[in-house]
Q: 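One structure follows; several queries about it will come next.
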Amino acid sequence: MWTKLLRSALRIPAGVHLRSLSTSCVYLQDVRVRFGPSPTGFMHLGGLRTALYNYIFAKANNGKFVLRIEDTDQSRLVQSAANNIEDMLEWSGLSPDEGPTKGGDFGPYKQSERLQTYQHHIETLLQNGTAYRCFCTPQRIELIRKEAVRSGQVPRYDNRCRHLSTQQVQEKLDKGMTYTIRFKLDDADGFDDIVFGHNIGTAAVEGDPVLLKSDGWPTYHLANVIDDHLMQITHVLRGTEWLGSTSKHLSIYKAFNWTPPTFAHLPLIINKDGSKLSKRQGDLFVDHLKNSGYLPEAVVNFLTYCGGGFPDGHEINTLKELIQKFDINEVRRQSAVLEMELLDQVNRGHILQLLETSNGRERLIAELRHEVLHQLPARYGESLKLRDLDDEYLSRILMTNKHRINRIRDLTCEEFDFLWRQPNVTVETLMEISPQADNILSCVHQAMVDTPSDSFSKGQLVENLKSIHKSSFSTEAMGSYMKLLRMALSGLKQGPGVAEMMELLGKEEVSRRLKEYSDSIL
């Protein structure tokens, strides 16, 4: 009751962490969250969704977003994965306040650089009797597992070494026997999760878990509890796959006599067929989407469709707007289906939004220029001669085609080649379309030269072309007439209307192309 009154009086957001020192003394602790990816693969959409929800929760509560690389599983590390994770966070706009590159007061931020910290703290658990050395060999553990599987039971360690006397432990140590360190896990207390509500404590169905492996490296359970405490993490937002382990982690907090953070488990993201996302699905890697031409804000916005947390559902929102609208109490419990076909729709929405501002247009103009200069030479060779890519022309192309494209890169596909390069059309091709090709091209060219620049618009051009046809080439079928002009301007048999093509290309370019083909026929 007093907590609700305090929040109301001080206007404290629901996500901000309150810790009680006594019934009469409360202080407000700054929100600190962490994203702890394992560099066993490049960043994929599932990982980015977890990072995003941590980031916006922190920023919505004026808190800190910490990046911690959890690289304790040395056998599965992927080269450059850690760098990729940091790069994709920066690209997505989710720049950490603290991390391996950014630094901070609670580093190091790579678990492989914190081994002495784990080995120091494990001594506390050994001394207070909540952990013990286990001398069971890997062969014995494997036999226990196989027997359980054969019997149709859940594999679990039988806690054999928990009952060794101090003398027996010392004798084994004197013999130089290797050991792991296990945690004495009994039935755990229940806990409250922000998303999933109250969870009952889980029984120790797996036996006592390993905290420190025989090579001195910690397991996830130990490293995360220690790091979250030492880094003063107030809220842990992570995937629902860790929900079943949370009571285990709370038992470890209790053994250290530490106050645990608040937990919020995010719903699982699944494919449309109900299967889990896999790191083997290459199109789900964030750098694949980046290299495919999707905008970072679109990818981020799209991920909010997977799990809720926002009152307006499937809307086009900037990262700033997402932070303002986020409500962790609106995060859904049920698994979220990843509908990749929506990404194109979201990306188009962000393109339209960016084109409404001068800064947004400048950014898209620069991106379009970059795409043209990279995509077309890759298709036609470095010797390709491109037309001038001035800002005015690129802006006109973007504004005219904004409802036709999902990505800026779409404007560099073959359908739009005519925008960037002179089509390679032979005289024979033009003459096959119409025996009057030379007269038509010459006449239309002169009409375009005579058309004032301020009248060089789609509507006026349609009227001009109809007038030329009616007055000079009425014996020529309108279809052939337009087909000839389209071929001369674009090299395409089908495509945008001729007047629209002319408006896009501009008066000078249209006049130049028509004259060049007219002269070549003559």
Q: Please answer whether the main-chain N or O of D287 pairs with a side-chain N or O of N291 as donor and acceptor at a distance below 3.5 Å.
A: yes
Q: I need the minimum non-hydrogen distance between L504 and F418, along with the two atoms involved.
A: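 Looking at all heavy atoms of both residues, the shortest contact is CD1-CZ, 4.5 Å.
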Q: Determine whether the aromatic ring centres of F35 and Y55 lie less than 6.0 Å apart.
A: no
Q: Are the side chain of R513 and the backbone of L505 linked by a donor-acceptor contact shorter than 3.5 Å?
A: no
Q: So, for I85 and S38, which heavy atoms are closest and what is the spacing to 0.1 Å?
A: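 Where I85 meets S38 most closely, the heavy atoms are CD1-O, 4.4 Å.
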Q: Would you say the side-chain atoms of N301 pair up with the backbone N or O of E315, donor to acceptor, closer than 3.5 Å?
A: yes
Q: One pair to check against side-chain hydrogen bond (donor to acceptor under 3.5 Å, both in side chains): E86 and T101. What are the steps and the verdict?
A: CA-CA 8 Å; E86 292 201 68; T101 300; 2.8 Å; yes
Q: Give a yes or no on whether the backbone of M88 and the side-chain of S92 come within a donor-acceptor separation of less than 3.5 Å.
A: yes
Q: Verify the neighbour count for atom CG of N424: are there more than 12 heavy atoms of other residues, nucleotides or ligands below 6.0 Å?
A: no
Q: Taking the ring centre of each residue, are H314 and F302 less than 6.0 Å apart?
A: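 No, ring centres 6.0 Å or more apart.
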Q: Counting only heavy atoms not in Q494, do more than 12 fall under 6.0 Å of its CD?
A: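 Count not over threshold, so no.
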Q: Evaluate the side chain to side chain contact (heavy atoms under 4.5 Å, CB included) criterion for residues L354 and E297: first the C-alpha distance (whole Å), next the side-chain angles of each, then the deciding distance (0.1 Å), finally the verdict.
A: CA-CA 11 Å; L354 287 168; E297 53 265 66; 3.8 Å; yes
Q: Can N54 and R238 be said to form a side-chain hydrogen bond (donor to acceptor under 3.5 Å, both in side chains), step by step?
A: CA-CA 8 Å; N54 274 277; R238 59 188 181 185; over 6 Å; no
Q: Any donor-acceptor pair under 3.5 Å linking the side chain of R407 with the backbone of S292?
A: yes
Q: Just one of V346, N347, L52, L45 clears the side-chain contact (heavy atoms from CB on, under 4.5 Å) bar with V299, so which one?
A: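 Going through the options one by one, the only one that passes is L45.
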Q: Roughly how far, to the nearest 0.5 Å, is the CG atom of L266 from the SG atom of C306?
A: 11.5 Å
Q: Pick one: which of K102, K59, R34 meets salt bridge (charged side-chain N to carboxylate O under 4.0 Å, His left out) with D97?
A: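 That would be K59.
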Q: Please name the pair of heavy atoms, one in S490 and one in M501, separated by the smallest distance, quoted to 0.1 Å.
A: OG-CE, 3.3 Å
Q: For the residue pair W242 and H249, categorise the inter-ring angle as parallel (less than 30°), tilted (30 to 60°) or perpendicular (more than 60°).
A: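 Correct class here is tilted.
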Q: On the six-membered ring of F106, is R32 placed so that its NZ or CZ lies under 6.0 angstrom from the centre and within 45° of the ring axis?
A: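 Yes, R32 and F106 form such a contact.
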Q: Start with the C-alpha distance between E509 and R512, add both sets of side-chain angles, then the distance that settles side chain to side chain contact (heavy atoms under 4.5 Å, CB included), and finish with yes or no.
A: CA-CA 5 Å; E509 182 67 14; R512 187 187 66 77; 2.7 Å; yes
Q: Heavy-atom count check: over 12 atoms from other residues, nucleotides or ligands less than 6.0 Å from D450 CG?
A: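 Atom CG in D450 is crowded, with more than 12 foreign heavy atoms closer than 6.0 Å.
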Q: Could you walk me through whether F196 and H265 satisfy the ring-ring contact (aromatic ring centres under 6.0 Å, His included) test, starting with their C-alpha distance in whole Å, then the side-chain angles of each, then the deciding distance to 0.1 Å, before giving a yes or no?
A: CA-CA 7 Å; F196 284 85; H265 287 83; 7.1 Å; no
Q: Judged by atom type as modelled, is there a donor-acceptor pair below 3.5 Å linking the side chain of H288 to the main-chain atoms of L284?
A: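 No, the answer is negative, given that no donor and acceptor are paired below the 3.5 Å cut-off.
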Q: If you measure from CD on Q422 to CG on L489, what distance do you get to the nearest 0.5 Å?
A: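 Here the interatomic distance stands at 9.5 Å.
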Q: Spell out, as yes or no, whether a donor-acceptor pair under 3.5 Å connects the side chain of D73 to the backbone of T40.
A: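 Flag not set: sc D73 to bb T40 has no pair under 3.5 Å.
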Q: Should the heavy atoms of other residues, nucleotides or ligands under 6.0 Å from NZ of K483 be counted, would the total exceed 12?
A: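 No, the 6.0 Å shell around NZ holds no more than 12 heavy atoms from other groups.
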Q: Whether the side chain of T412 engages the backbone of R409 through a donor-acceptor N/O pair (distance < 3.5 Å, no angle test) should be reported.
A: yes
Q: For the atom pair CG (L237) and CZ (F57), what is the distance rounded to the nearest 0.5 Å?
A: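 If I round to the nearest 0.5 Å, the distance is 6.0 Å.
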Q: I need the minimum non-hydrogen distance between K325 and P311, along with the two atoms involved.
A: O-CD, 3.4 Å
Q: Find the distance between CG (L338) and NZ (K276) and round it off to the nearest 0.5 Å.
A: 15.5 Å
Q: Report the distance from atom CD of Q375 to atom CG of L411, rounding to the nearest 0.5 Å.
A: 11.5 Å
Q: Could you walk me through whether R348 and D344 satisfy the salt bridge (Lys or Arg N to Asp or Glu O under 4.0 Å) test, starting with their C-alpha distance in whole Å, then the side-chain angles of each, then the deciding distance to 0.1 Å, before giving a yes or no?
A: CA-CA 6 Å; R348 182 169 62 252; D344 281 342; over 6 Å; no
Q: Would you say that Y393 contacts D388 through its side chain, given a criterion of any heavy-atom pair below 4.5 Å between the two side chains?
A: no
Q: So, Q74 side chain and D71 main chain: donor-acceptor pair closer than 3.5 Å or not?
A: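 Yes, because the side chain of Q74 sits within donor-acceptor range (under 3.5 Å) of the backbone of D71.
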Q: Is the NZ or CZ atom of R49 positioned over Y53's six-membered ring, under 6.0 angstrom from the centre and within 45° of the axis?
A: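 Positive - R49 is close enough to the ring of Y53 and near enough to its axis.
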Q: Under the side chain to side chain contact (heavy atoms under 4.5 Å, CB included) rule, what do L492 and D417 come out as? Steps first, then yes or no, please.
A: CA-CA 9 Å; L492 298 173; D417 268 2; over 6 Å; no
Q: Taking the side chain as every heavy atom from C-beta outward, state whether L441 and I521 have any atom pair closer than 4.5 Å.
A: yes
Q: Using residues 470-481 as the side-chain source, report each donor-acceptor pair under 3.5 Å to any protein atom, sequence neighbours left out, with the distance given to one decimal.
A:
| residue | atom | partner | partner atom | Å |
| --- | --- | --- | --- | --- |
| S471 | OG | S467 | O | 2.9 |
| S471 | OG | I468 | O | 3.4 |
| E476 | OE1 | S434 | OG | 3.1 |
| E476 | OE1 | Q436 | NE2 | 3.1 |
| E476 | OE2 | S434 | OG | 3.1 |
| Y481 | OH | L465 | O | 3.0 |

Q: Compute whether any side-chain donor of one residue and acceptor of the other, for S275 and N271, lie under 3.5 angstrom apart.
A: yes
Q: Apply the test side-chain hydrogen bond (donor to acceptor under 3.5 Å, both in side chains) to residues E98 and Y109: give CA-CA distance (whole Å), side-chain angles for both, the deciding distance (0.1 Å), then the verdict.
A: CA-CA 8 Å; E98 302 171 25; Y109 293 92; 2.6 Å; yes
Q: How far apart are the closest heavy atoms of W420 and L376, and which atoms are they?
A: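 Heavy atoms of W420 and L376 come nearest at CB-CD2, 3.6 Å.
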Q: Verify salt bridge (Lys or Arg N to Asp or Glu O under 4.0 Å) between R404 and E415, making sure each step is shown before the conclusion.
A: CA-CA 12 Å; R404 289 197 182 102; E415 176 187 353; 5.9 Å; no
Q: About how many Å separate CD1 of I408 and CG of N401, when rounded to the nearest 0.5 Å?
A: 10.0 Å
Q: Has E508 got more than 12 heavy atoms of other residues, nucleotides or ligands less than 6.0 Å from its CD?
A: no
Q: Check for me whether the distance between the ring centres of W217 and Y118 falls short of 6.0 Å.
A: no
Q: When you measure from the side chain of S395 to the backbone of D391, do you find a donor-acceptor pair of N or O atoms at a distance under 3.5 Å?
A: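 It does not hold such a pair.
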Q: Let me see the working for E70 and D227 under side chain to side chain contact (heavy atoms under 4.5 Å, CB included), right down to the final yes or no.
A: CA-CA 10 Å; E70 300 184 349; D227 287 345; 5.9 Å; no
Q: Is it true that atom CD of E392 has more than 12 heavy atoms of other residues, nucleotides or ligands lying nearer than 6.0 Å?
A: yes
Q: Heavy-atom distance under 4.5 Å between the side chains of F310 and I56, does that happen here?
A: yes
Q: So which heavy atom on S518 is nearest to which on S442, and how close?
A: OG-CB, 3.4 Å
